[in-house]
Amino acid sequence: MRLTRRKESIMAIYNPKSLIADEFINDEEIRETLSYADEHKNDLELINQILEKARPKKQDKGYVCSGLTHREASVLLASDIPEVNEKIYQIANEIKLAYYGNRIVMFAPLYLSNYCVNGCLYCPYHLKNKHIPRKKLTQEELREEVIALQDLGHKRLAIEAGEDPVNNPIEYILECINTIYSIHHKNGDIRRVNVNIAATTVENYRKLHEAGIGTYILFQETYHKESYLKLHPTGPKHDYNYHTEAMDRAMEGGIDDVGLGVLFGLDLYRYEFAGILMHAEHLEAVHGVGPHTISVPRLKRADDINPDDFDNGISDEIFEKIVACIRLAVPYTGMIISTRENQKVREKVLHLGISQISGGSRTSVGGYAGYTPEERPHDTEQFDVSDQRSLDEVVRWLMENGHVPSFCTACYREGRTGDRFMALCKTGQILNCCHPNALMTLAEYLEDYASPETKEIGYAMIEKELEKIPRERTKEIAKQNIADIRSSNRRDFRF
Ligand code: SAM
């Protein structure tokens with residue numbers, strides 16, 4: 001698809017279908033939304049209507065959810081009535097269970113390079129930071145990292161790199177993706193590589209698509225243009241419009257699954273919240289499919305970065321409410337939480353709509369190979385990791401809390417991306433498809449990588465969860481495949 005763009009307009013008017021950042025993320029519309037939310041934050045009649053609209057409705061085939069507009073969701077976020085908050089949390093959990101069940105998808109970040117030419121004020125990789133070592137993985141070092149990640153049990157990675165056209169050109173990223181997919185160590189392989197690199201051209205997005213990436217992830221950092229320009233004083237990332245319009249170029253380049261995010265702590269959270277929902281509405285309006293995922297990172301301490309130097313930090317309570325309100329607004333969008341958050345916060349938000357979490361993460365370049373699960377290098381770390389447990393511990397903790405850790409990557413490998421994935425959600429086929437896939441990939445993890453204690457808990461959970469598969473034939477096949485995984489080296493079964 002080729003999209004036509006007009007020149008930047010002088011007076012931006014809100015238009016979700018526009019391809020110009022100032023029109024689809026429109027400052028005036030956000031300000032009016034925030035005033036509207038303030039005016040109505042105690043209007044119980046309106047709030048109850050919004051809550052009713054958000055609730056999942058049972059139909060013949062599964063559930064249907066209508067989601068909320070950025071204005072409606074902003075009213076809920078602004079309200080501080082305790083009973084309203086309780087209802088928001090309850091509905092968020094209902095939506096999570098209706099669409100994602102009790103499954104949580106697992107992934108790990110893999111840092112390729114911390115060379116960066118940008119001047120982002122919140123990131124230790126900024127160009128002016130002269131005392132951190134700069135490191136870029138060679139293909140041999142990358143192999144070692146991937147083998148270490150496979151030996152932990154990971155199947156899905158998010159690759160990360162600073163922006164540097166000389167040190168990290170697109171050819172380097174493509175070569176790395178190729179290397180990652182080519183490594184099959186013991187029973188391991190990486191089956192989905194998501195990519196978090198700087199905004200780029202349609203042509204480069206097409207190359208990433210052809211290399212077989214999963215989701216293209218790019219955090220907006222902040223939707224507030226004035227703050228954005230100050231926080232990114234130098235380097236290519238300074239261009240707010242180019243950055244904000246990146247997802248349209250990615251989709252034009254053939255990438256169906258894109259992942260949004262803001263870095264909470266940089267600007268006012270209510271502004272960011274309205275902005276990210278407007279971005280989702282824009283993608284739906286232009287491309288017919290919203291974001292595949294939304295990430296909710298919070299600013300963390302890192303080398304020369306002190307979060308206290310920023311004025312907009314948010315409490316755990318506000319953070320949890322943001323997660324729940326996003327769940328109500330975009331019910332079909334996966335939500336990701338990283339190890340920036342500690343165990344306690346992660347435990348809470350898993351019930352409020354989070355569907356993907358990282359585990360055993362290292363945020364430094366070369367952080368996996370050669371280190372025990374307890375050791376971690378700090379010299380090239382992008383931010384402090386709050387949840388420092390091993391993947392085995394995270395997997396066991398999830399199961400002890402009733403969640404099924406899933407290493408599934410089937411959808412995109414079966415071509416169920418973009419709106420085809422949404423269709424699966426909407427027709428209630430998830431229990432016949434995602435659930436057995438989650439259980440089969442969990443069995444692979446237990447058999448190949450888990451500690452004896454995790455293995456015991458895991459197989460007990462699998463036995464119980466298999467009974468939830470509605471279609472008898474599917475249940476039988478899943479049981480047989482799991483028996484094969486336990487008794488042989490046969491792997492990678494999927495529906
Ligand atoms: N260079 C790419 C870009 O510009 O989008 C990749 C991004 S970077 C490797 C991944 C993300 O980490 C950034 O988008 C930013 O939101 C986040 N990040 C940077 N500094 C951080 C900090 N101090 N605390 C938490 N997250 C941070």
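Remember, it's 1-based here, ligands and their atoms both numbered in the order they're listed.
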Can any side-chain N or O of Gln356 pair as donor or acceptor with the backbone N or O of Val105 at less than 3.5 Å?
no

Counting distance only, does the side-chain N/O of Arg249 pair as donor-acceptor with the main-chain N or O of Thr200 below 3.5 Å?
yes

Considering only non-hydrogen protein atoms, determine which one is nearest to atom 19 (C) of ligand 1 and report residue, atom name and distance to 0.1 Å.
Gln382 NE2, 3.3 Å

Please say whether more than 12 non-hydrogen atoms of neighbouring residues, nucleotides or ligands are located less than 6.0 Å from CD in Glu28.
no

Protein heavy atom at shortest distance from atom 16 (O) of ligand 1:
Glu221 OE1, 2.6 Å

His243 and Tyr228 aromatic ring geometry - parallel, tilted or perpendicular at 30°/60° bounds:
tilted

Does Leu263 reach ligand 1 with a nitrogen or oxygen that is under 3.5 Å from one of the ligand's nitrogen or oxygen atoms?
no

Heavy-atom proximity to atom 26 (N) of ligand 1, picking from Arg340, Lys300, His232, points to Arg340

Is it the case that more than 12 heavy atoms not belonging to Glu375 sit under 6.0 Å from its CD atom?
yes

Does the pair Lys135/Glu141 count as a salt bridge with the N-to-O cut at 4.0 Å?
no

Taking 4.0 Å as the limit for heavy-atom contacts, which would you say applies to Arg301 with ligand 1: side chain only, backbone only, both, or neither?
neither

Give the residue and atom name of whichever protein heavy atom lies nearest to atom 11 (C) of ligand 1, and the separation in Å to one decimal.
Phe219 CD1, 3.8 Å

Please check whether Tyr111 reaches ligand 1 - meaning an N/O of the residue sits under 3.5 Å from an N/O of the ligand, judged on distance alone.
no

Below 4.0 Å, non-hydrogen atoms only: which portion of Cys123 touches ligand 1? Side chain, backbone, both or neither.
both

Taking only non-hydrogen atoms of Gly162, do any sit less than 4.0 angstrom from ligand 1?
yes

Nearest neighbour in protein (non-hydrogen) for atom 9 (C) of ligand 1
Glu160 OE1, 3.4 Å

Considering Ala198, Gly265, Ala161 one by one, which has a heavy atom nearer to atom 1 (N) of ligand 1 than any of the others?
Ala161

Which residue and heavy atom of the protein sit nearest atom 5 (O) of ligand 1, plus the separation
Leu218 CD1, 3.3 Å

Taking 4.0 Å as the limit for heavy-atom contacts, which would you say applies to Tyr122 with ligand 1: side chain only, backbone only, both, or neither?
both

Point-to-point distance, once rounded to the nearest 0.5 Å, from OG1 of Thr33 to CG of Asp38
11.0 Å

Within ligand 1, which atoms have a heavy atom of Lys237 less than 4.0 Å away?
3 (C), 4 (O), 5 (O)

Heavy atoms of other groups near Glu347 CD, more than 12 under 6.0 Å:
yes

Give a yes or no on whether the ring-centroid distance for Tyr205 and Tyr216 is below 6.0 angstrom.
yes

Heavy atom of Ala199 under 4.0 Å from ligand 1?
no

What distance do Glu245 atom CD and His279 atom NE2 have between them, rounded to the nearest 0.5 Å?
9.0 Å

